[in-house]
Amino acid sequence: MRTQVGIVGAGPAGLLLSHLLHLEGIDSVVLELRSRDHVEQRVRAGVLEQGTVELLETAGVAGRLRREGMVHHGIELRFGGRRHRVPLTDLTGRSITIYGQQEVVKDLVRARLEAGGRVLFEVDGVRLQGVDTDRPAIRFRAGGQDQELHCDVVAGCDGFHGVCRDAVPEAARRVFERAYPFAWLGVLAAVAPSSEEIVYAASEHGFALHSMRSPTLTRLYLQVDPDEPVEAWPDGRIWEELQARLATDDGWTLDEGPILDKGVTGMRSFVVEPMRFGRLFLAGDAAHIVPPTGAKGMNLAVADVHVLAQALAAWYRTGAGDLLESWSATCLRRVWRAQDFSTWMTGLLHRSPDDDPFQLRLQRARLEYLARSEAAARSLAENYVGLQQV
Ligand code: FAD
Ligand code: PHB
């Protein structure tokens, strides 16, 4: 097989890259380990920055997003039994949209297949070859047969646990990482959201997050110990803990309902530099992970492939490689801004086993400052809605 751009991974990064390249007249093939059903059902992110929504709109894949996505103009910070609204739109002029990542994936898969795009699901044994030459290839198995895809460039969009990053020799990459002494237990519940806006709660029992997916689906998260088995969290214990961590002094109530999905996700920060090696471009979670507290991961993946599609388009059109040369540095500026914001939000809201009483007082002072100072709230808001220029 032959194509111009070989893409590994059909998450938001790989699918959107394939779609954006198609709009530029550039051919690509997407190779995905899992089934179409699996990638379309996997519950993950939910917050889209306005810039992400605008890009999907310009790319012609935002019809359902516009109809079903929920535009939000603020978020709530909850601590000490009190609620404080951060009015995102008043502070920045911009908004966020709540729309499940798997819905973005469904919309992109449909757009690719309708345009005759090649997305191969349930492909395994992916191995990259010759990414340091100008004739790279991807070997894989599909339908029980060994295959080879020859291309001009390879986009490694295969997430944090993918194989593409390993094709970069250790001497040619530098890794920056940080582990956190907690994880998130995420649940999807068949009950109307109890709050109109997303609630980030810092409590003495740990962090809790109340989000939503639709007028009848609530998405909730709890800070739990790292490597906590999901079996340790029967539904009754989850609701009890959510009730305790989200409680307020003003009579707010959390409605409970059947839990449809639950999972534990470890929390880490990770960046590989540079994001390019020869003809291999690592985009999205393959190159960087942020803790989910800032809601940045999917938005970063989208930003990476937006810049990459433009750089590849310029290269194919004119032969000029300058945008490809600067691609990694351009992306890393945004990545590190998001890394800083996500780390800061995480520290602001979580309890660590090594927090001493002094640290807890500092955390409370930071939260009070955000609740009282417009300057502090604006800084949070402009990072949360996404900086237009980084
Ligand atoms: P992925 O979505 O991981 O896609 C990679 C794809 O590659 C997958 O389909 C995988 O099956 C495939 N693959 C892997 N290995 C191979 C292989 N060897 N061969 C072929 N294919 C392979 N981000 C936000 O912006 N906002 C949020 O609110 C938010 N909340 C989150 C909440 C949770 C609980 C979690 C876990 C994440 C959250 N994120 C959030 C992060 C976001 O989900 C990720 O950043 C996003 O999925 C990155 O997209 P991606 O396409 O780079 O990678
Ligand atoms: C979500 O709705 O899944 C969500 C919201 C905010 C976050 C992370 C996840 O920070």
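Atoms within a ligand are numbered from 1 in the order they appear, just like the ligands themselves.
No N or O atom of Val123 sits closer than 3.5 Å to an N or O atom of ligand 1. Geometrically, ligand 1 and Asn299 share a nitrogen or oxygen pair separated by less than 3.5 Å. Considering backbone and side-chain N/O atoms, His161 never comes within less than 3.5 Å of an N/O atom of ligand 1. In terms of N/O distances under 3.5 Å, ligand 1 is not approached by Val8. Checking only distances, Gln101 does come within under 3.5 Å of ligand 1, N or O to N or O. Polar contact check, Gly162 against ligand 1: no nitrogen or oxygen pair lies under 3.5 Å apart. In terms of polar-atom proximity, defined here as any N/O pair under 3.5 Å, Arg44 does make such a contact with ligand 1.
A salt bridge does not link Glu76 with Arg85: none of the charged nitrogens is closer than 4.0 Å to a carboxylate oxygen. Between Glu49 and Arg94, no side-chain nitrogen of the basic residue sits less than 4.0 Å from a carboxylate oxygen of the acidic one, so the salt-bridge criterion is not met. Taking a cutoff of 4.0 Å between a charged side-chain nitrogen and a carboxylate oxygen, Arg2 and Asp152 qualify as a salt bridge. In summary, Glu204 and Arg351 do not engage in a salt bridge, as defined by a charged side-chain N under 4.0 Å from a carboxylate O. Salt-bridge formation is detected for the pair Asp340/Arg337: a Lys NZ or Arg NE/NH1/NH2 atom is positioned less than 4.0 Å from an Asp or Glu carboxylate oxygen. Looking at Arg83 and Asp250, a side-chain N of the basic residue comes within less than 4.0 Å of a carboxylate O on the acidic one, giving a salt bridge. Between Glu382 and Arg378, no side-chain nitrogen of the basic residue sits less than 4.0 Å from a carboxylate oxygen of the acidic one, so the salt-bridge criterion is not met. Checked for salt-bridge contact, Glu240 and Arg237 miss the test: no charged N lies under 4.0 Å from a carboxylate O.
With a 4.0 Å cut-off on non-hydrogen atoms, Val126 touches ligand 1 through its side chain and not its backbone. When non-hydrogen atoms are compared, ligand 1 lies under 4.0 Å from neither the backbone nor the side chain of Phe160. Heavy atoms of Lys296 found under 4.0 angstrom from ligand 1 belong exclusively to the backbone.
For CG of Asp227, the number of neighbouring non-hydrogen atoms (other residues, nucleotides, ligands) closer than 6.0 Å is 12 at most. For Glu196, the CD atom is loosely surrounded, since the number of other residues' heavy atoms within 6.0 Å does not exceed 12.
Ligand 1 places these atoms under 4.0 Å from at least one heavy atom of Cys157: 5 (C), 6 (C), 7 (O). Every atom of ligand 1 is numbered from 1 in the order shown, and the set under 4.0 Å from a heavy atom of Gly46 is 27 (C), 28 (O). For ligand 1, the atoms lying closer than 4.0 Å to a non-hydrogen atom of Val39 are 9 (O). For ligand 1, the atoms closer than 4.0 angstrom to any heavy atom of Thr265 are 34 (C), 36 (C). Near Leu31, meaning under 4.0 Å from any of its heavy atoms, are these atoms of ligand 1: 20 (C), 21 (N). Those atoms of ligand 1 with a heavy atom of Gly11 less than 4.0 angstrom away are 2 (O), 4 (O), 6 (C), 9 (O), 51 (O). Taking every heavy atom of Val163 and a limit of under 4.0 angstrom, the matching atoms of ligand 1 come to 18 (N). Listed by number with element, the atoms of ligand 1 under 4.0 Å from a non-hydrogen atom of Gly297 are 23 (N), 24 (C), 25 (O), 41 (C), 45 (O).
With side-chain heavy atoms closer than 4.5 Å counting as contact, directly or through intermediates, the hydrophobic cluster containing Val224 also holds Leu185, Val187, Val191, Val199, Leu220, Leu222, Val230, Trp233, Ile238, Trp239, Leu242, Leu246, Trp252, Leu254, Ile259, Val264. By the 4.5 Å side-chain criterion applied to Ile, Leu, Val, Met, Phe, Trp and Tyr, Leu323 is assigned to no cluster and stands alone. Connectivity analysis of hydrophobic side chains (ILVMFWY, heavy atoms under 4.5 Å, direct or indirect) links Val154 to Met1, Val8, Val29, Leu31, Leu120, Val123, Val126, Leu128, Val131, Ile138, Phe140, Leu149, Phe160, Val163, Val168, Val175, Phe270, Val272, Phe277, Leu280, Leu282, Ile289.
You'll find the side chain of His84 stays beyond 4.5 Å of the side chain of Glu368, heavy atoms only.
Closest to atom 8 (C) of ligand 1, if we only count protein heavy atoms, is Arg42 NH2, 3.3 Å. Nearest to atom 52 (O) of ligand 1 among the protein's heavy atoms is Asp285 N, 2.9 Å. Looking from atom 14 (C) of ligand 1 to the surrounding protein, the closest heavy atom is Asp158 O, 3.1 Å. Scanning the protein for heavy atoms near atom 6 (C) of ligand 1, the closest one is Glu32 OE1, 3.6 Å. Given atom 51 (O) of ligand 1, the protein heavy atom at minimum distance is Ala13 N, 2.9 Å. In this structure, atom 21 (N) of ligand 1 lies nearest to the protein heavy atom Leu33 N, 3.2 Å.
Tyr384 and Tyr200 have perpendicular rings, their planes meeting at more than 60° on a 0 to 90° scale where under 30° would count as parallel.
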Legend entry - Pair Cys331-Trp327, side-chain contact (heavy atoms from CB on, under 4.5 Å): steps then yes or no: CA-CA 6 Å; Cys331 293; Trp327 176 75; 3.3 Å; yes
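Ligand 1 is never approached by Glu49 to a heavy-atom distance shorter than 4.0 Å.
Two rings, from Phe341 and Trp336, have their centers 6.0 Å or more apart.
Using a 4.5 Å cut-off between side-chain heavy atoms of Ile, Leu, Val, Met, Phe, Trp and Tyr, with links allowed through other members, Val47 and Leu300 fall into different hydrophobic clusters.
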Please tabulate protein-ligand N/O pairs under 3.5 Å for ligand 2, atom names and distances to 0.1 Å.
{"residue": "ligand 2", "atom": "2 (O)", "partner": "Ser211", "partner atom": "OG", "Å": "2.6"}
{"residue": "ligand 2", "atom": "2 (O)", "partner": "Arg213", "partner atom": "NH1", "Å": "2.8"}
{"residue": "ligand 2", "atom": "3 (O)", "partner": "Arg213", "partner atom": "NH2", "Å": "2.7"}
{"residue": "ligand 2", "atom": "3 (O)", "partner": "Tyr221", "partner atom": "OH", "Å": "2.6"}
{"residue": "ligand 2", "atom": "10 (O)", "partner": "Tyr200", "partner atom": "OH", "Å": "2.7"}
{"residue": "ligand 2", "atom": "10 (O)", "partner": "Pro292", "partner atom": "O", "Å": "2.8"}
{"residue": "ligand 2", "atom": "10 (O)", "partner": "Thr293", "partner atom": "O", "Å": "3.3"}

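For atom 35 (C) of ligand 1, no protein heavy-atom neighbour is present inside the 4.0 Å cut-off.
Considering Gly14, Ala45, Gly263 only, the shortest heavy-atom separation from atom 30 (N) of ligand 1 involves Ala45. The nearest non-hydrogen atom to atom 49 (O) of ligand 1, considering only Ala10, Pro12, Ala338, comes from Pro12.
Side chains of Gln363 and Gln359: a donor-acceptor N/O pair is absent below 3.5 angstrom, by distance only.
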